[in-house]
J.: 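Submitted below is the structure of interest, expressed as structure tokens.
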Amino acid sequence: MNASAAGLLPDVSGHFGRYGGRFVPEALIAALDQLDAAYRHAMADEAFQAEFGRLLRDYAGVPSLLYRADRFSAAAGARIFLKREDLNHTGAHKVRNVLGQALLTKRMGKRRVIAETGAGQHGVATATAAALMDLECVVYMGEVDTERQALNVARMKMLGATVIPVKTGSRTLKDAINEALRDWVSSVDETHYLLGTAAGPHPFPGMVRDFVRGIGVEARQQILDQTGALPDAVAACVGGGSNAIGIFHAFVGDEGVRLYGFEGGGEGVTTDRHSARFSGGSPGVLHGARTYVLQDEDGQTIESYSISAGLDYPSVGPEHAWLHDTGRARYLPVTDAEAMDAFQLLCRTEGIIPAIESAHGLGGALAIAPTLAAELGREPTIIVNLSGRGDKDVETAGSYFGILAS
Amino acid sequence: MSVTEVFEKARAEGRAVAIGCMPAGFPTVEGSIAAMVAMAEAGIDVIEVELPYSDPVMDGPVIQKASDIALAGGVRTRDTLRAIEAVARTGVPVVLMTYWNPIERYGVDAFARDLAAAGGAGLITPDLIPDEAEEWLAASDAHQLDRTFLVSPSSTDQRLAMTVANCRGFVYATAVMGVTGAREQTSAAAPALVARVRAVTDLPVGVGLGVRDGAQAAEVGSFADGVIVGSALVRCVLEAPDEAAGLASLRALSADLARGVRAVTR
Ligand SMILES: Cc1ncc(COP(=O)(O)O)c(C=O)c1O
């Protein structure tokens, strides 16, 4: 179980147990090998680490704060700490991964980056890093998402990126990834695919995890400093899985710390409108890795749904599949309604407007708090990864609550 | 005839093999069978059936659209097997090109068994590299099926040799860095890639991605053992006003391709 904590996973071919690997066209293998080599060298290179650390600190505002949310805690019946990734530059944890990969892009001598985006957070973060590092940037975004996240489309364009609306398939994140992969197959010599989450073919899952794992390293030290003890549980929402693996990883070896990942439960896992790969999916291959996917009897991908664009994805990073099967982490669905209740509660009790993705982590914490309290016989301490801020979601939330005419 | 025999016969005739691709279930299951039979009758030597998949990352817009139409029409994996069986009855070898997840979902060994029973010759696997193919290597041995993995201009010598060593039937060389789709010009990288494959194997080499007419087939056939044509054939059906017109233009293009591979002797 501690293979992951000890940094032994993935193995050299990118497997987490039976999950992960590389299910991609041969045309991409050379680029993935090049990326893997560049990444390994960079990790061992002090100059790279220093530059990455400087950018995270001086540009992105890392380490993010760990905040004890007393009024939210009172409502939750648990002591809730928020890892404030929402305060990072560009408004989410995504900036960590993006800065790391943009530095690698330069190191590989490539001058163009492409990215997929769902909510637009990763697209904005990529456009930001591209502007900072003088890289050409093309972002693929499902046409449906360009409509529900119009503000982020404008932000990307302001930052100098080209946004290409993807009109194939379900016209959401999954199709944006297909289109980005097609671009990459044709442009791999000069282009880096700056994948936005800890998923996809090796080396992305392990590499992205390593770029974001500072979230958990910081949180672990911060909670020890503030409370003198490790938390009872760590919770995060799980789209592709980057913010969750980012906060989980440093705690995997701490057996007393329960790890909870909350998926987009949409209108409920008994309906066909959800993004719950673990509760409603099964092992399969999608977007370059073996993992849990939403699929029908024939292995055709089933379209996902969530009120949150960032969780609306039919696949999930392979390390989560492994943590799921080993029982080290638990994955539960949180419905749209539960997430939006938690969203409103955080707004009203703490004066913090969360991203709707992160609201799923909050909603999940509210759901598990009573059981955990009963199990422990005391008030539990839970760290929730507040992965992003809700500015981008004001329109969706405003119409959900009837504040804005929809 | 097996795929190997078709290549041997063509080699004896001093020409390349014409390989034509069509998604099963497009526009309907019966329609796709009629289309592939027409291709075979007009001189296509090997039929490549594509299993429609929701996320075809190696395919360009034409084949994506055809796959979407097939899936929207409710095509199932078992319909693809039925189409293979019907087309194989004409005597042309039929290979299946498929993304990996539908096979894994069906059960790799069960699929190999049912494909062999349907008369299918083997699989072309665009998103399965030999490194991840342990189950398929065993199942294809057990059921005596051909295995075509892809090689690319970016493959290192080491990977190319390893990939080719795992192929049976023929090797698929992706001639341009890119997805399927007819192009004005086929790639200059193709002859070099074919030569690299030839240096490590006696297996025939098929070149795909980009061929759209007899003239280009002749050009590719001058250096490759097989000329693989997909999007251009699919477009005949996609753009036709009705089924009869689609079949007519499919026959015409198939005949043109068959002439093309015979236009140059090697
Ligand atoms: C704020 C925020 N949280 C979470 C996610 C989900 O992604 P991941 O699971 O990779 O953290 C996103 C994705 O866009 C996001 O913007």
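Here is the naming used below: chain letters follow the sequence lines, and residue numbers restart at 1 for every chain.
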J.: Should A/Glu143 and A/Asp175 count as side-chain neighbours, where that means a heavy-atom distance under 4.5 Å?
T.: no

J.: By a 4.5 Å heavy-atom criterion (distance strictly below it), what part of B/Ser155 contacts chain A: side chain, backbone, both, or neither?
T.: both

J.: State which residues pass salt bridge (charged side-chain N to carboxylate O under 4.0 Å, His left out) with B/Glu30; sequence neighbours excluded, sorted by chain then number.
T.: B/Arg82

J.: So with a 6.0 Å cut-off around CD of B/Glu135, is the heavy-atom count from everything else above 12?
T.: no

J.: Between B/Pro52 and chain A, with a heavy-atom cut-off of 4.5 Å, which part of the residue counts as in contact: side chain, backbone, both or neither?
T.: backbone

J.: Hey, are B/Arg147 and B/Asp141 close enough for a salt bridge, meaning a charged N less than 4.0 Å from a carboxylate O?
T.: yes

J.: Out of A/Ile164, A/Ile177, A/Thr162, which residue meets the side chain to side chain contact (heavy atoms under 4.5 Å, CB included) rule with A/Tyr140?
T.: A/Ile164

J.: How would you list, in number order, the residues of residues 105-119 of chain B that have a heavy atom less than 4.5 Å from chain A?
T.: B/Arg105

J.: Identify which of A/Ile302, A/Val293, A/Asn178, A/Asp296 forms the greatest number of heavy-atom pairs closer than 4.5 Å to chain B.
T.: A/Asn178

J.: By number, which residues in residues 277-286 of chain A have some heavy atom less than 4.5 Å away from chain B?
T.: A/Ser282, A/Gly284, A/Val285, A/Leu286

J.: So, does A/Asp36 use its side chain to make a donor-acceptor pair with the main chain of A/Pro203 at under 3.5 Å?
T.: no

J.: For B/Phe170, what residues pass the ring-ring contact (aromatic ring centres under 6.0 Å, His included) criterion, not counting sequence neighbours?
T.: B/Phe7

J.: Quick one: are B/Met162 and B/Asp131 in side-chain contact, heavy atoms under 4.5 Å?
T.: yes

J.: Hey, does B/Val197 have a side-chain heavy atom less than 4.5 Å from the side chain of B/Leu160?
T.: yes

J.: Closer than 4.0 angstrom, basic N to acidic O: yes or no for A/Arg111 and A/Glu136?
T.: yes

J.: Using the six-membered ring wherever Trp is involved, compare the ring planes of A/His320 and A/Tyr331 and label them parallel, tilted or perpendicular (cut-offs 30° and 60°).
T.: perpendicular

J.: Please state whether the side chain, the backbone, both or neither of A/Thr168 comes within less than 4.5 Å of a heavy atom of chain B.
T.: side chain

J.: Below 4.5 Å, heavy atoms only, C-beta onward: do B/Met97 and B/Pro126 meet side chain to side chain?
T.: yes

J.: Under 4.5 Å, counting heavy-atom pairs only, tell me which of A/Glu303, A/Arg290, A/His287 racks up the most with chain B.
T.: A/Arg290

J.: Please flag which part of A/Glu297 lies under 4.5 Å from any non-hydrogen atom of chain B: side chain, backbone, both or neither.
T.: both

J.: Would the distance check show the side chain of A/Glu319 and the main-chain N or O of A/Gly206 forming a donor-acceptor pair, the cut-off being under 3.5 Å?
T.: no

J.: Which atoms of B/Ile103 are under 4.5 Å from chain A, going by heavy atoms: the side chain, the backbone, both sets, or neither?
T.: neither

